[in-house]
Amino acid sequence: MSALMMETEQFSYTVHYSSRRRSVALQVKQGQLTVRAPLGYSLADINALVQQKQQWVLKHLQQVKLQIRPQWLAEQQLPLLDNTIALTRMRGAKSAVLYDEYNITVIVSSRVQPQRYEKVLLTLLQKWYQQQALSWFTQRVFYWQNKMNVRSGTILVGNWRTKWGYCKSNSELGFNWRLMMAPAWVTDYVVVHELAHLKHLNHSPRFWQLVGVHYPQAEQAKTWLKHNQHLLEL
């Protein structure tokens, strides 16, 4: 079922229904409230719960607003795992991204109109990050799956606002390209997390035990992502 948009006097939120849920959960992530509910749960009851939890919601929404996004482009640098690389912007005959260990040069075609320059620049950078992510995650999945004695299927890189990765029942794994802007030890945690789902396609105690066995820093990585997700934006 597609998400439903709801409005209150002070904020909006989305409702997601699932046949697998047995209870209602409220989540504030990246400045947006999401309510996840079992099928058949009435919108009136959901709205009443949201109103009841309004102070909690407003507190967490305000915390997100207080998080200051870094101005990577203005500072002429970009994060890449454990490194910060210098950013150079140029005009040229053809749009391209050139990268070495210390510098990334983004060339925007001179044919691109000024009003579209920023959008084209961001698109080029996002595609570059996605390429880096596919290479890096492929290597790390290979490394960790051998240690965890599991076997993944297809590896994809996505552009999502509300999740860092996924694991499907057919063993397909997906990872968010924005993780390439996080420290490598945090990004590695997401790899272990998704690979653990190949044995436990849930978040049961046995799942978390498996994650902890292979990645003792799991709780620290979860906390880092919770408090620093605003850093992972261009």
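For W177, the ring pair (Phe, Tyr, Trp, His ring centres under 6.0 Å) partners are Y129, not counting sequence neighbours. Applying the salt bridge (Lys or Arg N to Asp or Glu O under 4.0 Å) criterion to K53, with sequence neighbours excluded, gives no partner residue. In terms of the salt bridge (Lys or Arg N to Asp or Glu O under 4.0 Å) criterion, residue partners of E172 (sequence neighbours excluded) are, by chain and number, K168. For the ring pair (Phe, Tyr, Trp, His ring centres under 6.0 Å) test, residues two or more places apart in sequence or in another chain that qualify with Y166 are W160. Applying the side chain to side chain contact (heavy atoms under 4.5 Å, CB included) rule to A48 yields no partners; only residues at least two apart in sequence or on another chain are considered. With sequence neighbours excluded, no residue forms a salt bridge (Lys or Arg N to Asp or Glu O under 4.0 Å) with K127. Applying the salt bridge (Lys or Arg N to Asp or Glu O under 4.0 Å) criterion to R140, with sequence neighbours excluded, gives D188. The side-chain hydrogen bond (donor to acceptor under 3.5 Å, both in side chains) check on W128 picks up nothing, with sequence neighbours excluded.
Between W56 and H60, the two ring planes are tilted [angle within 30° to 60°].
Using a 4.5 Å heavy-atom cutoff, the side chains of T187 and W136 are in contact. Looking at heavy atoms from C-beta onward, L73 lies in side-chain contact with L125 at the 4.5 angstrom threshold. At a threshold of 4.5 Å between non-hydrogen side-chain atoms, the residues Y99 and L78 do not count as touching. In this structure, the side chains of H197 and L173 stay at 4.5 Å or more apart for every pair of heavy atoms. Looking at V28 and L26, their side chains never come closer than 4.5 Å, going by heavy atoms from C-beta outward.
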Only pairs under 3.5 Å count here: list side-chain donor-acceptor contacts from residues 84-95, not counting sequence neighbours, and write none if there are none.
unit_1, atom_1, unit_2, atom_2, d
T88, OG1, N103, OD1, 3.3
R91, NH1, S109, O, 2.6
R91, NH1, V112, O, 2.9
R91, NH2, V112, O, 3.2
S95, OG, S109, N, 2.9

Less than 3.5 Å apart, which donor and acceptor atoms pair up between the side chains of residues 149-157 and the rest of the protein, not counting sequence neighbours?
unit_1, atom_1, unit_2, atom_2, d
R151, NH1, N146, OD1, 3.4
R151, NH2, N146, OD1, 3.2
S152, OG, Q145, OE1, 3.3

Side-chain donor/acceptor pairs under 3.5 Å, residues 204-225, sequence neighbours excluded:
unit_1, atom_1, unit_2, atom_2, d
S204, OG, N202, OD1, 2.8
S204, OG, F207, N, 3.3
W208, NE1, H203, O, 3.4
Y215, OH, W185, O, 2.4
E219, OE2, K222, NZ, 3.4
T223, OG1, E219, O, 3.0

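Sorted by first and then second residue, the salt bridge (Lys or Arg N to Asp or Glu O under 4.0 Å) pairs with a member in residues 109-126 form an empty list; sequence neighbours excluded.
Rounding to the nearest 0.5 Å places CG of L198 at 10.0 Å from CG of N170. One finds the OG1 atom of T14 at 9.0 Å from the CD atom of Q27 (value rounded to the nearest 0.5 Å). Atom-to-atom distance recorded for W72:CH2 and Q77:CD is 6.0 Å, nearest 0.5 angstrom.
With hydrogens and angles disregarded, a donor-acceptor distance shorter than 3.5 Å links the side chain of Y17 to the backbone of Y41.
The heavy-atom pair separating A37 from I46 by the smallest distance is CB-CD1, 3.8 Å. Residues N159 and Q126 approach most closely at ND2-NE2, 3.3 Å, considering heavy atoms. For R21 against P38, the heavy-atom pair with the smallest separation is O-CB, 3.3 Å. Here the shortest heavy-atom pairing between L81 and A184 reads CD2-CA, 4.1 Å. The minimum heavy-atom distance between P183 and D82, with the atom names listed, is CA-OD1, 3.6 Å.
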Exercise for the section: Give the C-alpha distance, both sets of side-chain angles, the deciding distance and a yes or no for side chain to side chain contact (heavy atoms under 4.5 Å, CB included) between Y189 and L179. Expected result: CA-CA 10 Å; Y189 155 71; L179 287 166; over 6 Å; no
Practice task
Take V141 and F175 through the test side chain to side chain contact (heavy atoms under 4.5 Å, CB included) and record every step on the way to the result.
Solution key: CA-CA 11 Å; V141 166; F175 299 98; 3.9 Å; yes
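The environment of K199 atom NZ is dense: over 12 non-hydrogen atoms of other residues, nucleotides or ligands sit within 6.0 angstrom. For F142, the CZ atom is loosely surrounded, since the number of other residues' heavy atoms within 6.0 Å does not exceed 12.
In this structure, L122 is a member of the same hydrophobic cluster as M180, with clusters built from ILVMFWY side-chain heavy atoms closer than 4.5 Å. Residues Y102 and M181 do not share a hydrophobic cluster, defined by chaining ILVMFWY side chains whose heavy atoms lie under 4.5 Å apart. Both V120 and Y117 belong to a common hydrophobic cluster when Ile, Leu, Val, Met, Phe, Trp and Tyr are linked at side-chain heavy-atom distances under 4.5 angstrom. Taken together through direct or relayed side-chain contacts under 4.5 Å among Ile, Leu, Val, Met, Phe, Trp and Tyr, V186 and L234 form part of one hydrophobic cluster.
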